[in-house]
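Side chains are part of it too, since the values below use all heavy atoms of this structure and drop only hydrogens, waters and symmetry mates. So that the names make sense, note that chain A is the first sequence line, chain B the second, and so on, each numbered from 1.
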Amino acid sequence: MMTTLWAGLTMGAIYAIVAIGYNITLTLTGVINFANAQFVMIGAFVAYWGLTQNDLPLPLVLLVAVILSALVGILTELIAIRPLRNRGGHTELVTTLGVSTVIAGLALVVFGPDPVPVNVVPTETFNVLGGQVRLNELLLILVAAVAALAVHWWMHRSKLGLAGLARAEDPEAASIRGINVKGLAILGLVLAGAFGGLIGPLVAQKTFAVATLGLVLALKGFVAMAVGGVGSILGSLVGGLIVGLVEALAARSIGNDFGEIAVVVVLLAVLLLRPTGVVGRGQVRLV
Amino acid sequence: MFDSIARMIGRPLLAVNRRWNVLGPVLALLLAAFVAALPWLGLDIGWQRQIILIAVLALVVSGLNLSFGYAGELALGQVFMYAAGAYTAGWLGKQGVTNIVVVLVVAIVAALLLGVITGAAGLRLGGWMLALTSLFFITLIPRVVNLMGDELGGFAGMAGISRPTLFGEPMKNTAFYLLVIICSALWIAVMRNLVKSREGTAFLVLKESPVLARTLGVSVYRTKLRAYALGGVPAGIAGVLYAYLDGYVSPGAFTFELGLIVLAAGILGGVLSIYGAILGAAVLQLGPARLSVFDTYAEVAYGVLLIVGGVLLSMGIAGIGHRFMNRLLAAARHDADAAPEAVAKPEFAALNGKQLEVSGVVVRFGGFTALDGVSMQAKPGEITALIGPNGSGKTTLLNAISGLIVPKDGEVSLDGTVFNGDPKLAAGSGIARTFQTPLIPSTLTVHEVAASGRLLRGKTTFVETVLRLPRYRRARIADRIAAGDALAAVGISSLADAQASTLPLGTRRLLEFARAIANEPSVLLLDEVASGLDENELKELAALIRGARDAGATVVLVEHNFELVRQISDHVVVLAEGKIIAQGDAGTIASDERVVNLYLGADIMHAHSRDDVAEGAVAP
């Protein structure tokens with residue numbers, strides 16, 4: 001039972017990491033970037049290339065992953081988001097879905113369809129609170145929690161973070177106040193990209209590196225964000241952990257197929273009963 | 001370029017365009033007949049299969065176009081309905097039901113039900129929440145199928161679904177091919193009749209401005225739900241046809257990739273079009289399926305298509321065609337030279353004005369009290385002007401009267417009928433309005449915009465609309481005449497066929513006025529109609545407002561231009577900070593000291609010095 005809980009928390013931490021990325025871009029750039037989870041996949045494959053195939057030192061691999069994902073983030077903003085500014089509608093969703101598909105397709109072309117293993121930290125297993133858990137899993141949970149707190153703190157304390165919050169509230173007013181909205185838009189993608197790329201290798205040790213990783217994480221990460229509360233970084237963490245736990249527990253106690261179905265039930269229940277999410281306050285924004 | 005082409009072929013082009021309502025369907029029918037006849041012209045079985053696959057994909061895409069292109073909600077639920085149709089055919093076949101008519105009817109009902117159920121939850125959220133939720137639903141299909149156990153064949157799929165029967169006879173290959181073409185042609189006809197009707201106009205109005213839709217009496221939620229559920233119908237039909245094509249259904253066919261393909265095909269063909277779905281489906285079906293090199297790069301190709309389509313061709317192939325034709329037609333008609341004609345004495349049919357009664361209305365936004373117990377009347381055959389500084393609650397009052405805002409307290413009524421916060425009832429009782437910033441859906445023509453004022457008038461059912469039954473025809477003719485008259489009354493008949501998006505501000509205001517008049521309103525609410533107009537336009541507008549009053553309407557005018565107010569209004573109500581501080585005829589108001597101090601300022605009453613004017617309360 002405890003082992004299931006640890007597994008659920010681990011997957012939940014991964015969903016939380018994707019949801020945090022969504023929220024960074026949503027706050028700073030003002031769009032939902034469907035390709036967000038692909039940053040994690042890029043990190044995963046960079047780790048496969050660097051660690052598994054070429055035995056490069058970990059810091060170098062992480063650096064490459066961060067830079068590559070951030071570059072992809074910049075490209076995404078320039079190609080798929082900037083041209084649509086002020087056009088309204090759901091066009092960004094279509095174009096970023098396109099970016100996501102291109103990235104997944106390229107991964108498929110380069111690395112093939114089969115999952116490949118990645119080892120970032122030693123594969124040690126611990127017995128914690130009566131359940132089996134691996135070192136990389138504990139690390140993931142820790143990283144997600146620390147990242148959520150750090151990003152939350154940065155958003156509410158730093159000048160740039162506050163500028164982003166102001167932009168999310170009212171882009172026009174923010175730009176009149178001298179906030180560089182275009183610069184923030186790029187920053188939103190760069191940060192989310194670097195963040196996903198950095199943590200991608202660790203994620204891959206749990207999930208393997210596979211071309212479909214981005215799609216699975218994109219959807220679950222979205223559920224985590226919606227459950228926790230759109231726009232709330234701490235909500236992403238809580239939402240992610242809830243989704244991970246619900247999925248693991250339902251799959252274990254009711255049956256394998258019920259993991260995802262339980263997630264949908266939770267999603268619909270939260271959206272209908274408490275559209276601001278379990279952590280979110282006030283009105284639903286940007287919907 | 002447009003001018004020279006237009007000069008060459010302008011006349012025949014305009015002639016064809018005028019008759020397009022008849023010519024278009026005839027051409028489409030001929031094309032469908034030609035495609036249906038292909039097997040007898042020697043089309044081999046492989047190509048027949050390709051055409052069937054194109055038709056099946058086009059049906060699904062067409063459903064996406066209806067809900068995304070026309071009603072404006074991106075949701076890929078069509079894949080869900082497609083799967084439902086396929087499994088309906090498979091499951092019914094297992095029970096021994098193969099009669100194609102029965103199966104299609106059951107599948108359509110199932111798709112509609114599924115559309116209403118999934119749409120009811122998703123559409124409450126709308127926007128990208130709905131889009132992502134629907135994507136998530138697609139990934140659940142294999143799980144659900146597997147849970148149903150042997151009934152649906154699990155992950156392995158259902159094999160050996162026998163061919164459908166017609167009059168007890170199993171359909172042969174050619175008969176099945178014909179069936180597919182006929183089903184597709186029928187749906188396209190239904191879709192065409194649906195979007196080229198009030199229903200379609202309502203979708204487009206809703207997509208561009210929910211506020212406008214509500215003031216025209218369109219229920220936002222129900223209309224979106226209807227578009228979404230109807231969009232599932234062709235998907236359901238497509239699912240049935242797909243299941244029969246190979247006699248095999250498995251969850252592997254209903255994947256996220258299919259959602260991508262449908263979206264890419266829709267965007268490529270143009271989501272705001274009827275026939276574009278066929279084009280987009282054909283390109284995607286023939287492209288990735290037939291070129292083996294494409295196979296490895298298929299996902300990359302779909303992705304690039306979505307990006308390029310989303311950024312550059314937000315209108316798709318069909319949309320580019322439409323735009324080209326519209327510019328050509330505009331050049332041929334000389335739209336650029338057409339300008340509103342001054343109407344010396346506007347002629348309106350008699351309007352049955354009603355007494356508008358506002359009593360004790362309170363409106364709060366959070367802690368801010370926008371209207372604090374406002375009571376006023378507006379009488380038929382009179383112009384009542386509402387004036388006051390910015391932020392005094394004028395537009396809020398108009399919103400409360402048109403039902404967009406539910407008052408916390410108090411009542412709004414028309415000849416005794418109370419309709420607090422019910423825009424549909426307000427529109428139904430004959431309240432029509434214009435907006436500070438004109439709300440003109442850019443995808444409609446000028447004539448369609450004017451006719452959209454009458455969306456609520458004379459009920460026509462879905463069936464009457466799709467089959468073009470007599471009652472629908474009568475309503476359409478009445479709409480056309482009323483819209484034409486309204487455009488003539490404001491002097492923009494010559495622009496009737498132009499795209500509304502091309503109009504300058506002054507003409508937009510006139511068009512909004514025409515839309516309001518087209519519904520023969522009992523109460524006409526005009527929100528700052530004069531702002532941004534030049535002197536000539538102002539004069540014309542004043543004549544129009546007087547004309548509406550003389551025709552018997554109750555006119556309520558929110559206006560900053562006191563000169564205009566003084567000239568035309570019979571009664572003036574002054575609002576400040578959510579309360580009425582004075583009312584009376586224009587002369588009385590102009591000399592009321594409080595009003596002068598608070599609002600009118602020294603510009604009007606030179607006797608008062610500037611110092612008397614309260615700081616910050618001066619209207620621009």
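Between the side chain of A:Thr95 and the main chain of B:Ile307, no donor-acceptor pair closer than 3.5 Å is present. Under the 3.5 Å distance criterion, the side-chain polar atoms of B:Ser134 are left unmatched by any main-chain donor or acceptor of B:Ala75. Using modelled atom types, one side-chain atom of B:Lys207 and one backbone atom of B:Gly69 make a donor-acceptor pair closer than 3.5 Å.
Under 3.5 Å, the side chains of B:Glu257 and B:Tyr302 contain no donor-acceptor pair of N or O atoms. No hydrogens or angles considered: nothing links the side chains of A:Thr25 and A:Glu77 as a donor-acceptor pair under 3.5 Å. Using a 3.5 Å distance cut-off with no hydrogens or angles, the side chains of B:Gln499 and B:Ser442 do not pair a donor with an acceptor.
For the set A:Ala218, A:Gly255, A:Gly98, A:Ser100, the entry with the most heavy-atom pairs within less than 4.5 Å of chain B is A:Gly98. Annotation: maximal heavy-atom pairing with chain B below 4.5 Å, among A:Leu106, A:Leu215, A:Val99, occurs at A:Leu215. Heavy-atom pairs under 4.5 Å with chain A peak, among B:Leu135, B:Leu306, B:Leu263, at B:Leu306. Ranked by heavy-atom pairs shorter than 4.5 Å toward chain A, the options B:Leu305, B:Asn146, B:Val144, B:Val304 are led by B:Asn146.
If you measure heavy-atom distances from B:Leu132 to chain A, the contacts under 4.5 Å come from both the backbone and the side chain. With a 4.5 angstrom heavy-atom cutoff, A:Leu108 touches chain B only via side-chain atoms. For A:Leu97, the parts sitting under 4.5 Å from any heavy atom of chain B are the backbone and the side chain alike. Neither the backbone nor the side chain of A:Val216 comes within contact range of chain B, judged by heavy atoms closer than 4.5 Å. Heavy atoms of A:Ile79 lying under 4.5 Å from chain B belong to its backbone as well as its side chain. For B:Leu260, the part lying under 4.5 angstrom from a heavy atom of chain A is the side chain only.
Few gaps surround CZ on A:Arg82; more than 12 heavy atoms of other groups in view lie less than 6.0 Å from it.
Of all residues spanning residues 31-43 of chain A, those with a heavy atom less than 4.5 Å away from chain B's heavy atoms are A:Ile32, A:Phe34, arranged by number.
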> Are B:Phe254 and B:Tyr82 close enough, and set up right, to give a ring pair (Phe, Tyr, Trp, His ring centres under 6.0 Å), and what steps lead you there?
Replying inline: CA-CA 8 Å; B:Phe254 313 107; B:Tyr82 179 57; 5.4 Å; yes

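Using a 4.5 Å cut-off on side-chain heavy atoms (C-beta onward), A:Val223 and B:Phe136 make contact. Here the side chains of A:Phe258 and A:Arg252 are not in contact, with every heavy-atom distance at 4.5 Å or above.
Note: B:Phe365 and B:Phe368 have parallel aromatic rings, judged against thresholds of 30 and 60 degrees for the angle between ring planes.
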